[in-house]
**Student:** 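This is the structure I have questions about; it appears just below.
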Amino acid sequence: MAIIFPKGFVWGAATASYQIEGAANEDGRGESIWDRFSHTPGNVLNGDTGDVADDHYHRWPQDVALMQSLGLKAYRFSIAWPRIIPDGIGAVNDAGLDFYDRLVDGLLAAGIEPFVTLYHWDLPQVLQDRGGWPNRDSAAWFADYTAVVSRRLGDRVHNWITLNEPWVSAFLGYMMGVHAPGIRDPKAAMQAAHHLLLAHGQAVSILRRNGNGATRVGITLNLTWVDPASDRPEDVEAARRQDGFANRLFLDPVFKGSYPADFMELCGDLAPQVEEGDLQQIAAPLDFLGVNYYTRSVVADDPNVPMLRTRSIQPEGAEYTEMGWEVYPEGLYRLLRRLHEDYGPGAIYITENGAAFADRVESGRVHDERRIAYLREHLTSCWRAIQEGVPLRGYFVWSLLDNFEWGYGYSKRFGIVYVDYGTQERIPKDSAFFYRDVIAANGVA
Ligand code: IFM
């Protein structure tokens with residue numbers, strides 16, 4: 001059966017600044033929390049850093065040509081805040097703005113629509129030294145940065161994503177300490193989550209003001225489908241708690257203007273300080289929701305685990321990626337249906353979906369059959385959701401290129417294009433050719 005997508009469906013690929021750019025010390029770029037974190041021994045596998053990464057800062061024309069050769073209609077990338085305002089606040093570094101200006105022009109000349117993410121985790125280190133996201137001033141810092149970027153690019157960039165995965169910024173960065181800035185403080189993490197959302201809400205009107213009337217604004221959340229490990233009422237309740245933490249903690253304030261009461265009750269003293277008017281700002285109307293989906297979550301009740309009282313289960317017999325994530329395309333279909341029914345965003349984009357596998361180059365080719373199967377199955381889930389009325393308008397594969405996978409360094413390859421880190425050669429994997437054919441056919445054979 002052929003699966004054909006609606007006319008105008010946006011086919012894209014996504015990346016993020018620190019994961020691909022390199023050129024960490026060039027043209028006035030300041031230090032980010034990921035520079036500091038990755039250069040601190042013990043934080044990143046093999047001591048890898050983003051200093052060079054894919055050298056995209058220098059090779060972007062070649063990368064845009066590669067995108068064009070695949071027929072991409074859109075490209076999602078992020079802006080490195082420390083390139084634009086190296087001290088976090090104050091003086092603007094024109095050379096940083098110039099880089100993104102050239103990239104945007106290059107994309108438009110190639111017929112590729114830019115989708116710009118303002119924050120994909122590279123906070124200027126100086127702002128972390130002032131307390132980072134747990135400091136309420138962070139919302140104002142972000143507003144200033146948003147204004148600078150959108151004044152420069154708002155005439156040509158129509159699609160803006162304020163934040164990428166604020167759940168990860170707050171909880172991996174400030175609670176579990178496995179991401180920059182490496183802090184383990186649950187209370188600070190909850191406050192960071194709130195300030196990230198506030199920063200998002202305040203940025204929305206700035207982006208609209210600096211656009212040319214065609215501006216569309218969204219936020220990207222990492223969302224999951226949560227299943228209980230069994231039908232036991234305790235496990236079903238555990239799944240509800242997990243859903244509160246993983247999904248509703250961000251969806252409810254953005255789309256309903258309130259935090260989920262059941263989750264806030266669980267938080268007790270850890271609940272964030274929320275000021276009068278914050279939630280109205282956070283719930284600023286959006287044009288779209290960006291969804292990053294990789295896997296589902298299966299949980300069991302576990303009274304020994306503080307607060308959430310849940311334990312993750314890895315279902316037996318399932319397929320797992322190199323990240324240890326279960327391949328579960330049905331979860332994407334169910335998630336999309338649920339988002340449509342419970343939150344009704346005007347449009348949804350899959351802003352990330354993809355998988356890491358242990359790719360190998362053989363005679364100049366990378367036969368990544370498992371990635372092709374992963375993509376095919378997840379695209380089928382997207383198509384099913386569209387048939388049932390979900391306003392899914394586009395899909396961005398994660399990722400265009402193999403890149404710096406945060407705490408895992410360069411050990412995990414998510415790209416549809418292989419990167420030889422020794423030579424910086426780009427080798428399109430079989431999945432890139434598969435995706436090229438999907439785009440050309442506007443569907444999956
Ligand atoms: O590489 C990351 C990306 O930066 C954010 N979303 C998940 C990806 C895979 O872990």
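All heavy atoms count here, side chains included; hydrogens, waters and symmetry mates do not. In each ligand, atom 1 is the first atom listed, and ligand 1 is the first ligand listed.
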**Student:** Would Asp243 and Arg338 pass as an ion pair if we require N to O under 4.0 Å?
**Tutor:** yes
**Student:** Who passes side-chain contact (heavy atoms from CB on, under 4.5 Å) against Ser17, sequence neighbours left out?
**Tutor:** Glu21, Ser78, Ala80, Tyr100, Asp122
**Student:** Salt bridge or not between Arg371 and Asp430? Use side-chain N to carboxylate O under 4.0 Å.
**Tutor:** no
**Student:** Any carboxylate oxygen within less than 4.0 angstrom of a Lys/Arg side-chain nitrogen, looking at Asp287 and Arg208?
**Tutor:** yes
**Student:** For ligand 1, give me the residues whose heavy-atom distance to it is below 4.0 Å, by chain and number please.
**Tutor:** Gln19, His120, Trp121, Asn164, Glu165, Tyr294, Trp325, Glu352, Trp398, Glu405, Trp406, Phe414
**Student:** Given side chains that start at C-beta, do those of Tyr18 and Thr49 come closer than 4.5 Å, heavy atoms only?
**Tutor:** yes
**Student:** Report yes if the distance between the aromatic ring centroids of Phe171 and Phe245 is under 6.0 Å, otherwise no.
**Tutor:** yes
